[in-house]
Amino acid sequence: MSTLRALAAAQAVASGVAQPVATVRHLHLSRRPLVLVPLAMAGEANAPLAAMVGSAPGEGRLLIVPQPRNRDQRFAFAAELAAIVLPYVDGHRTANETVSVDRGRDVRYRYLDAPQLLVPNPAGVTFLRLLGRSTRFRRVDGEYPVPPQVPLLGRWLTFFAERAEHPGSSALLAMTQALTLHWATGQSAVEDLHLPALLGWIAPPAGLSGTEAAARAEDPSICPPAGPATDPEFDNRLLAPAIEAYAAAGADEATRVEAYAELELLLRDQLTPTWELMWRGLGLLRALPPGARVAGRWDGDRDAFTAHTEHLDSDGAPQPRRDGAVAAAARLHRLERAAATYAVQRAYDDPLVMAEYRLTGEAFVGEVLLADPTRVDDSGRRPVLRPRIQLMTTDPVLVPVGATLSSPSRPGQKARLVFVTPTADGKTEVVLELSGRMGRGLTASPGSVPEVGERLCYTTLSDAYMPGAAFPTVDETPWTHGGPPAAGVAAPDEQWA
């Protein structure tokens with residue numbers, strides 16, 4: 001936990017209500033997201049029990065599996081879920097736009113929008129990932145066939161689960177993570193995974209503090225768990241008898257229909273509170289203005305969505321069960337680059353996030369006291385424009401002289417730290433030499449050099465493009481990592497023949 005977040009958590013305990021740790025929204029919210037609240041059967045590996053799905057508060061559709069251990073019923077549930085998810089996904093393939101690539105020498109196409117799924121918590125993301133893995137390799141013919149839409153659903157669920165691992169992606173969001181990204185509560189991180197308690201802290205009912213609202217929300221008779229796990233007492237006292245009654249109905253159609261209706265009502269009562277909380281949390285997030293760089297990250301989601309649809313349209317193979325050595329290394333590298341970029345973009349978009357870096361000395365905010373926009377450096381082969389500015393700051397400046405800094409308000413312009421001079425009143429004078437984004441001549445473009453009185457933030461964080469690393473092809477890797485065996489060396493299977 002960071003210093004400022006720990007302070008916000010302490011203030012939440014003192015005030016009895018969650019404290020904001022962001023001034024803008026750091027994720028994209030679709031105009032029509034698909035909310036999915038799943039339930040799984042306890043004691044059974046990812047056996048679906050029920051789900052409530054819909055793209056509007058009053059349009060939630062309940063899907064149930066009366067016998068979660070029955071394979072046919074489980075895949076019938078997957079087919080019903082596919083009948084909702086796949087049309088929603090296809091609804092975002094109506095129009096596309098051109099994107100310039102290779103410095104304008106070529107273009108590519110991507111869809112104008114992309115689908116977005118919302119689940120209550122990270123366990124819901126895991127549920128979808130495992131459901132996708134269990135369905136995307138199923139056969140639609142031969143022995144034990146499944147409905148044709150089931151494997152396609154599995155491939156899309158796997159796509160969303162993989163995007164959820166990508167830092168900054170908004171294709172699949174867990175509501176608890178989305179809320180804790182913007183608010184700090186007075187409870188632990190584990191307790192924040194409980195959506196009713198989390199919302200009790202952020203928006204407690206009238207007359208209750210966050211502590212009281214969270215304690216009330218932890219009562220499963222008032223607020224059932226947000227799934228996919230169910231309350232053990234509910235399982236033993238209500239769910240198990242209802243499933244047994246349905247199984248005991250046998251071929252008696254009237255009894256079977258009655259038992260199904262009772263089970264459906266029971267599960268609807270369990271899912272409806274979480275369904276309503278999901279839309280309540282969505283409303284809280286919509287009230288925050290989006291960060292300036294959120295749209296750019298959503299463009300990445302649209303690119304990924306377009307690429308996956310093209311892969312499916314060309315009859316591409318399903319996602320592998322596990323990546324090979326080269327693919328795994330390349331994927332890890334992409335995720336690390338995305339995590340670094342996401343951290344910088346959040347700091348550039350949000351002064352509260354940047355404040356963490358100001359505490360560590362990686363950033364400072366100061367007021368411009370002097371500016372020399374006409375300064376020219378003629379010490380090299382040719383003269384170049386290098387204006388200098390002097391700032392006064394009260395922040396600690398731990399950056400070494402000669403370091404290159406950037407300002408969120410002037411992206412693309414670099415500032416070299418020339419002098420750092422502490423003053424007698426505890427402040428610090430900083431002299432910076434500017435380069436870039438001031439025009440091509442020896443005269444700075446109007447407004448390109450900060451003016452006296454302007455308040456600016458400078459940081460070592462940079463959102464400049466980071467080129468990807470080069471990885472060998474599969475044929476260039478040793479056989480121990482998936483490549484071909486070396487000359488004169490038997491393959492592993494041949495060594496033990």
Side-chain angles (χ1 to χ4, degrees), residues 1-22 25-27 35-40 42-43 46 49 52 118-130 164-165 167 172-236 269-285 287-288 346 352-353 356:
M1 182 181 292
S2 65
T3 302
L4 288 184
R5 192 171 188 90
L7 176 61
Q11 290 178 332
V13 173
S15 63
V17 65
Q19 299 297 305
V21 290
R25 175 166 33 89
H26 293 284
L27 47 84
V35 175
L36 196 158
V37 182
L39 277 184
N46 211 61
L49 174 63
M52 187 168 282
L118 302 180
V119 294
N121 47 40
V125 176
T126 302
F127 177 90
L128 296 186
R129 177 176 60 82
L130 294 177
E165 298 176 358
L172 173 58
L173 296 175
M175 183 58 69
T176 54
Q177 289 182 327
L179 292 172
T180 53
L181 184 65
H182 301 87
W183 284 275
T185 68
Q187 58 187 8
S188 69
V190 174
E191 291 170 314
D192 281 342
L193 296 176
H194 189 237
L195 183 60
L198 176 60
L199 283 172
W201 274 98
I202 297 175
L208 294 179
S209 67
T211 307
E212 295 169 338
R216 182 175 181 272
E218 289 174 356
D219 184 349
S221 64
I222 299 176
C223 294
T230 52
D231 178 57
E233 183 178 355
F234 165 78
D235 291 344
N236 297 329
D269 289 342
Q270 283 291 113
L271 287 170
T272 299
T274 301
W275 173 263
E276 294 173 348
L277 291 176
M278 288 290 291
W279 294 101
R280 184 181 173 193
L282 190 60
L284 291 172
L285 291 171
L288 296 173
R346 287 188 62 228
L352 270 181
V353 178
E356 290 285 352

Handout entry: Test item: E356 side-chain N/O and L4 main-chain N/O as donor-acceptor pair under 3.5 Å
Key = yes
Exercise for the section: Locate the shortest heavy-atom distance separating L39 from A229; write the atom from each residue and the value. Expected result: CD2-O, 4.1 Å
Problem - Worked check of side chain to side chain contact (heavy atoms under 4.5 Å, CB included) between M175 and L277 - result: CA-CA 10 Å; M175 183 58 69; L277 291 176; over 6 Å; no
Practice task
Give me the one residue out of S188, P120, P122 that meets side-chain contact (heavy atoms from CB on, under 4.5 Å) with L193.
Solution key: P122
Fill in the blank from the handout: Here the gap from L285 atom CG to I202 atom CD1, rounded to the nearest 0.5 Å, amounts to 8.0 Å
Completion exercise
Heavy-atom nearest pair, C223 first then H194, reads O-NE2, 4.4 Å
Handout entry: Crowding at CD, Q11 (>12 non-hydrogen neighbours, <6.0 Å)
Key = yes
Practice task
Return the minimal non-hydrogen interatomic distance between A12 and W201, and the atom names on each side.
Solution key: O-CZ3, 3.5 Å
Problem - Atom pair CG (L7) and CD (Q19), whose distance is rounded to the nearest 0.5 Å - result: 9.0 Å
Completion exercise
Heavy-atom closest pair (P225 atom, D231 atom, distance to 0.1 Å) is CG-N, 3.9 Å
Completion exercise
Tightest non-hydrogen contact, residues L27 and A178, listed as CD2-CB, 3.6 Å
Practice task
Using the test side-chain contact (heavy atoms from CB on, under 4.5 Å), find all partners of P205 that sit at least two apart in sequence or belong to another chain.
Solution key: L208, A213
Exercise for the section: Taking the side chain as every heavy atom from C-beta outward, state whether W183 and L284 have any pair of such atoms under 4.5 Å apart. Expected result: yes
Exercise for the section: Any chance you could measure L199, atom CG, to E276, atom CD, to the nearest 0.5 Å? Expected result: 12.0 Å
Handout entry: Within 6.0 Å of CZ in R5, more than 12 heavy atoms from elsewhere
Key = yes
Exercise for the section: Taking the side chain as every heavy atom from C-beta outward, state whether Q177 and V125 have any atom pair closer than 4.5 Å. Expected result: no
Handout entry: Residue from N121, T185, T176 passing side-chain contact (heavy atoms from CB on, under 4.5 Å) with D192
Key = T185
Problem - Minimum heavy-atom distance between G186 and V13, given as atom pair plus value - result: CA-CG2, 3.5 Å
Fill in the blank from the handout: Interatomic distance, CG@D235 vs CG@L49, rounded to 0.5 Å, equals 8.0 Å
Problem - From L198 atom CG to Q187 atom CD, the distance as rounded to the nearest 0.5 Å - result: 6.5 Å
Exercise for the section: Enter the distance from T274:OG1 to W279:CH2 here, rounded to the nearest 0.5 Å. Expected result: 14.0 Å
